[in-house]
Visitor: 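Here it is: the structure, laid out below.
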Number of protein chains: 2
Amino acid sequence: MEEDTSRSDLALDRQLCFALYACSRAMIRAYQPMLRELGITYPQYLVLLLLWQWDQDGRPVSEWTVSALGARLMLDSGTLTPLLKRMEKQGLVSRRRWESDERVTLVGLTEGGLALRPKAQAWRDRALGELAVPAERLSALHRELWLLLDELQPDGKI
Amino acid sequence: MEEDTSRSDLALDRQLCFALYACSRAMIRAYQPMLRELGITYPQYLVLLLLWQWDQDGRPVSEWTVSALGARLMLDSGTLTPLLKRMEKQGLVSRRRWESDERVTLVGLTEGGLALRPKAQAWRDRALGELAVPAERLSALHRELWLLLDELQPDGKI
DNA sequence: GCTATTTAGGTTGTGTGCAATATAATTGTG
DNA sequence: CACAATTATATTGCACACAACCTAAATAGC
């Protein structure tokens, strides 16, 4: 009683990669109302999440570098440099060379960037409440995603 | 004994959206060796997956439309039109207006597009074998992603 | 001290995503 | 049948992603 899967292995709905891709884009779409209100894009929001976190952790400013952002967000300079410049122009972050090592660009939070945090928090709290999926299933999914991520890039995040 | 989560709710690693986003991009990165060999991009691969499937299902050619591709892949014409034009230029798909309704663009598989299928199948079989995650956890993850997707877009796919 | 290498960012080019808009063909309505 | 509304696709513009390349600054040997 062997099932013939040879003809449907490549069916779109069987692809985990497609489920990930579609789900990720759907999630970003779900954030659009908030992002529109904050006047930022989704990757810009991720940058702010990290900067807010570093701010609260009291991370030394000398470690707020473009490469540190890139390592955590898994984005390269070709993405981050223009993105950060746009955020600088909007007054959300600051950018300056580090005196001790002129190769390094230090990124900082401005008042404008900090001011968006409470709004984001409020939005997130509200949206999570509206999502009809139990929190424990969300965190289980979260855990599985990180395990898969570790498997996909053996080097892992730094 | 209440935990103070107010300061870390927005921590990057707590965000399901970021896990999805990072995992989806890591998965696409994992496909790059195959995609490079096939000479296509990741969304172009998704288009081919769907066309191969329609081909095997014997779907009537009058239903191989841009909007049908868009509905299944959740992509709009602004993404698909230029993408399909590039694929047409590479000889992977055909594009022509439908005689019965000149508003519709019918998309077809060419010999070139069909020829990539066995290579893709071989790659996928090999890659799945190398992934050190049990198949049942992958399918459980797959299921959870679709449930979340349904929740994120109540209208659902058509 | 001086060159080779490494490191950190920046630049360029191609290909998505997606909102907003445009256009042309078709359909519905009186 | 005229004409408004709808439908299917295309176009435009902006912002990522990311590969490939470039440049300048710092470091390592010698």
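Below, chain A is the first sequence line, B the second, and so on; all start at residue 1.
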Visitor: Among all residues two or more places apart in sequence or in another chain, which pass the salt bridge (Lys or Arg N to Asp or Glu O under 4.0 Å) test with A:D76?
Guide: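 Partners of A:D76 under the salt bridge (Lys or Arg N to Asp or Glu O under 4.0 Å) test: none.
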Visitor: Strictly by ring-ring contact (aromatic ring centres under 6.0 Å, His included), give each pair with a member in residues 71-102 of chain B just once, sequence neighbours left out.
Guide: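 The answer is none; no pair qualifies.
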Visitor: In whole angstrom, give the distance that lies between atom CG of B:L73 and atom P of C:dT16.
Guide: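 From B:L73 CG to C:dT16 P: 12 Å.
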Visitor: Which residues pass the side-chain contact (heavy atoms from CB on, under 4.5 Å) test with A:A120, not counting sequence neighbours?
Guide: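 With sequence neighbours excluded, A:A120 shows a side-chain contact (heavy atoms from CB on, under 4.5 Å) to A:M34, A:L38, A:Y45, A:W52, B:L10, given in chain and number order.
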Visitor: Check side chain to side chain donor-acceptor pair (under 3.5 Å) between A:R124 and all other residues, then give those that pass, not counting sequence neighbours.
Guide: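 Listed in chain order: B:Q15.
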Visitor: Whole angstroms only, please: what is the CZ-C1' distance between B:R97 and C:dA25?
Guide: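 My rounded result for the distance is 9 Å.
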Visitor: Taking only residues at least two apart or on different chains, which pairs with a member in residues 129-147 of chain A satisfy salt bridge (charged side-chain N to carboxylate O under 4.0 Å, His left out)?
Guide: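 Matches after skipping sequence neighbours: A:R137-B:E144, A:E144-B:R137.
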Visitor: Return the set of residues passing ring-ring contact (aromatic ring centres under 6.0 Å, His included) with B:W54 (not counting sequence neighbours), or none when no residue passes.
Guide: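 With neighbours one apart ignored, the set is B:W64.
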Visitor: Looking at residues 83-96 of chain A, who's got a heavy atom less than 4.0 Å off DNA chain C?
Guide: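 Those residues whose heavy atoms fall under 4.0 Å from DNA chain C, taken from residues 83-96 of chain A in numerical order, are A:K85, A:R95.
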Visitor: Which residue pairs satisfy the salt bridge (charged side-chain N to carboxylate O under 4.0 Å, His left out) criterion with at least one member in residues 46-70 of chain A, sequence neighbours excluded?
Guide: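 Listed once each, the pairs are A:R59-A:E63.
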Visitor: Of all of residues 98-115 of chain B, which get a heavy atom below 4.0 angstrom from DNA chain D, listed by number?
Guide: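 Within residues 98-115 of chain B, the residues near DNA chain D are B:R103, B:V104, B:T105.
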Visitor: In residues 21-51 of chain B, what residues come within less than 4.0 Å of DNA chain C, judged by heavy atoms?
Guide: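 Of all residues in residues 21-51 of chain B, the ones placing a heavy atom under 4.0 Å from DNA chain C are B:T41, B:P43, B:Q44.
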Visitor: Donor-acceptor check, side chain of B:T79 to backbone of B:L75, threshold 3.5 angstrom: yes or no?
Guide: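 No.
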Visitor: Base, sugar-phosphate alone, or nothing: which one does A:S67 contact when heavy atoms must sit under 4.0 Å apart?
Guide: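 Counting heavy atoms under 4.0 Å across all strands, the contact made by A:S67 is with sugar-phosphate only.
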Visitor: Is B:R97 reaching over with its side chain to a backbone N or O of B:E102, donor-acceptor style, under 3.5 angstrom?
Guide: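 Confirmed, B:R97 side chain pairs with B:E102 backbone.
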Visitor: Is the phosphate of C:dG9, meaning OP1 or OP2, less than 4.0 Å from a side-chain N or O of A:S77?
Guide: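 Answer no for this pair, as no side-chain N or O of A:S77 is under 4.0 Å from OP1 or OP2.
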Visitor: When you measure from the centre of the six-membered ring of B:Y31, is the NZ or CZ of B:R29 under 6.0 Å away and within 45° of the axis?
Guide: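 That pair does not qualify as a cation-pi contact.
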Visitor: Provide, to the nearest angstrom, the distance between the CG atom belonging to B:D76 and the C1' atom belonging to C:dT21.
Guide: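 That distance rounds to 12 Å.
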Visitor: Does a side-chain heavy-atom distance below 4.5 Å link A:V104 with A:L106?
Guide: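 Yes - at least one pair of side-chain heavy atoms lies under 4.5 Å apart.
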Visitor: Could you give the distance from CG (B:L20) to CG (B:L148), rounded to the nearest 0.5 Å?
Guide: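 Reported value, rounded in 0.5 Å steps: 6.5 Å.
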Visitor: Using a heavy-atom cut-off of 4.0 Å to chain B, what are the terminal contacting nucleotides of DNA chain D, in 5' to 3' order?
Guide: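 The footprint of chain B covers D:dT7 to D:dA20.
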Visitor: Which atom pairs, donor and acceptor, lie under 3.5 Å between side-chain atoms of residues 85-93 of chain A and protein residues at least two apart or in another chain?
Guide:
unit_1 : atom_1 : unit_2 : atom_2 : d
A:E88  : OE1    : A:R95  : NE     : 3.2
A:Q90  : NE2    : A:G39  : O      : 3.0

